[in-house]
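Input: a single structure, listed below in structure tokens.
Order of the sequence lines fixes the chain letters, A, B, ..., with proteins taken first and strands second; residue numbering starts at 1 for each chain. Heavy atoms only: backbone and side chains are in, while hydrogens, waters and symmetry mates are out.
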Amino acid sequence: QQQVKQSPQSLIVQKGGIPIINCAYENTAFDYFPWYQQFPGKGPALLIAIRPDVSEKKEGRFTISFNKSAKQFSLHIMDSQPGDSATYFCAASMFAGAQKLVFGQGTRLTINP
Amino acid sequence: DTEVTQTPKHLVMGMTNKKSLKCEQHMGHRAMYWYKQKAKKPPELMFVYSYEKLSINESVPSRFSPECPNSSLLNLHLHALQPEDSALYLCASSQELAGWYEQYFGPGTRLTVT
């Protein structure tokens with residue numbers, strides 16, 4: 001019940017396309033859902049996050065769609081660029097004295113020029 | 001500024017060595033974390049400090065010993081490690097604010113145990 005399932009494992013998209021990465025969770029106590037971007041040899045960088053009282057959030061070219069009833073959320077990258085090639089992790093958390101993030105398994109995204 | 005710094009960037013140690021990893025943040029965050037990340041895997045939580053007290057230990061072997069000297073610093077003391085402990089060790093910090101818990105990661109220390 002603590003798992004977050006992420007798909008696909010890898011994704012190849014042409015420049016300008018819209019990659020979509022999906023995540024699903026079971027624990028309804030989760031109340032914060034961030035996405036992280038990680039380049040090789042670097043730490044994960046917080047990209048965008050959403051709470052379950054909102055169905056969509058946009059920041060620049062990145063959009064999170066959230067479906068509370070289905071317990072699913074997804075990341076869309078508009079006008080994708082080769083520089084967006086990275087590994088993306090979704091996560092879910094709840095605060096109980098300290099925040100504990102539960103990560104998805106990651107999606108390796110490649111944007112071809 | 002959302003910077004978490006970690007030193008050293010790379011560390012090679014033998015199985016009998018004692019070494020320490022250091023993490024620092026100046027964002028006023030009161031929670032700090034250690035994660036371990038193996039190649040092509042998500043970060044795996046090891047320890048959480050909240051207000052300088054250890055609040056979560058994810059059953060980490062005692063050869064890893066965390067320390068939080070003050071609200072800005074977090075150390076991870078390493079002793080008698082095994083080759084399978086080779087990984088990227090990540091530090092993070094966070095602050096809960098009106099229901100938002102933005103957690104920021106440092107660049108990591110690449111540890112190789114020989």
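B:L90 and B:L11 fall into different hydrophobic clusters, where Ile, Leu, Val, Met, Phe, Trp and Tyr are joined by side-chain heavy atoms under 4.5 Å apart, directly or via other members. The same ILVMFWY cluster, assembled from side-chain heavy atoms under 4.5 Å apart, contains both A:V4 and A:I48. A continuous path of hydrophobic side-chain contacts links A:I64 to A:Y25 [ILVMFWY only; heavy atoms under 4.5 Å]. Residues B:F64 and B:M15 fall within the same hydrophobic cluster, defined by Ile, Leu, Val, Met, Phe, Trp and Tyr side chains chained together at heavy-atom separations under 4.5 Å.
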- prompt: Given B:E102 and A:L46, is the side-chain contact (heavy atoms from CB on, under 4.5 Å) satisfied, shown in steps?
  reply: CA-CA 8 Å; B:E102 295 186 345; A:L46 179 62; 3.9 Å; yes
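Only the side chain of B:Y33 comes within contact range of chain A, judged by heavy atoms closer than 4.5 Å. For B:Q37, the part sitting under 4.5 Å from any heavy atom of chain A is the side chain, from C-beta outward, and nothing else. Of the two parts of A:P44, the backbone and the side chain both hold a non-hydrogen atom closer than 4.5 Å to a non-hydrogen atom of chain B. Looking at A:Q38, the atoms closer than 4.5 Å to chain B (heavy atoms on both sides) all sit in the side chain, from C-beta outward. At a 4.5 Å heavy-atom cutoff, the contact between B:E58 and chain A is made by side-chain atoms alone.
In this structure, the separation between OG on B:S55 and NZ on A:K100 is 10.0 Å, given to the nearest 0.5 Å.
When all heavy atoms of B:L88 and A:K42 are compared, the closest pair comes out as CD2-O, 4.1 Å. Residues B:P42 and A:F103 share a closest heavy-atom pair of CB-CB, 3.6 Å. Among all heavy-atom pairs drawn from A:G41 and B:R110, the shortest one is CA-NH2, 4.5 Å.
Around the NZ atom of A:K57, the shell of radius 6.0 Å holds more than 12 heavy atoms that belong to other residues, nucleotides or ligands. The neighbour count for B:R30 CZ, taken as heavy atoms of other residues, nucleotides or ligands under 6.0 Å away, is above 12. A:Q9 CD: 12 or fewer foreign heavy atoms inside a 6.0 Å radius. Heavy atoms of other residues, nucleotides or ligands lying less than 6.0 angstrom from NZ of B:K38 number more than 12.
Using a 4.5 Å cut-off on side-chain heavy atoms (C-beta onward), A:P34 and B:Q103 make no contact.
Counting heavy-atom pairs closer than 4.5 Å to chain A, the top-ranked of the candidates B:P107, B:G108, B:A92 is B:P107.
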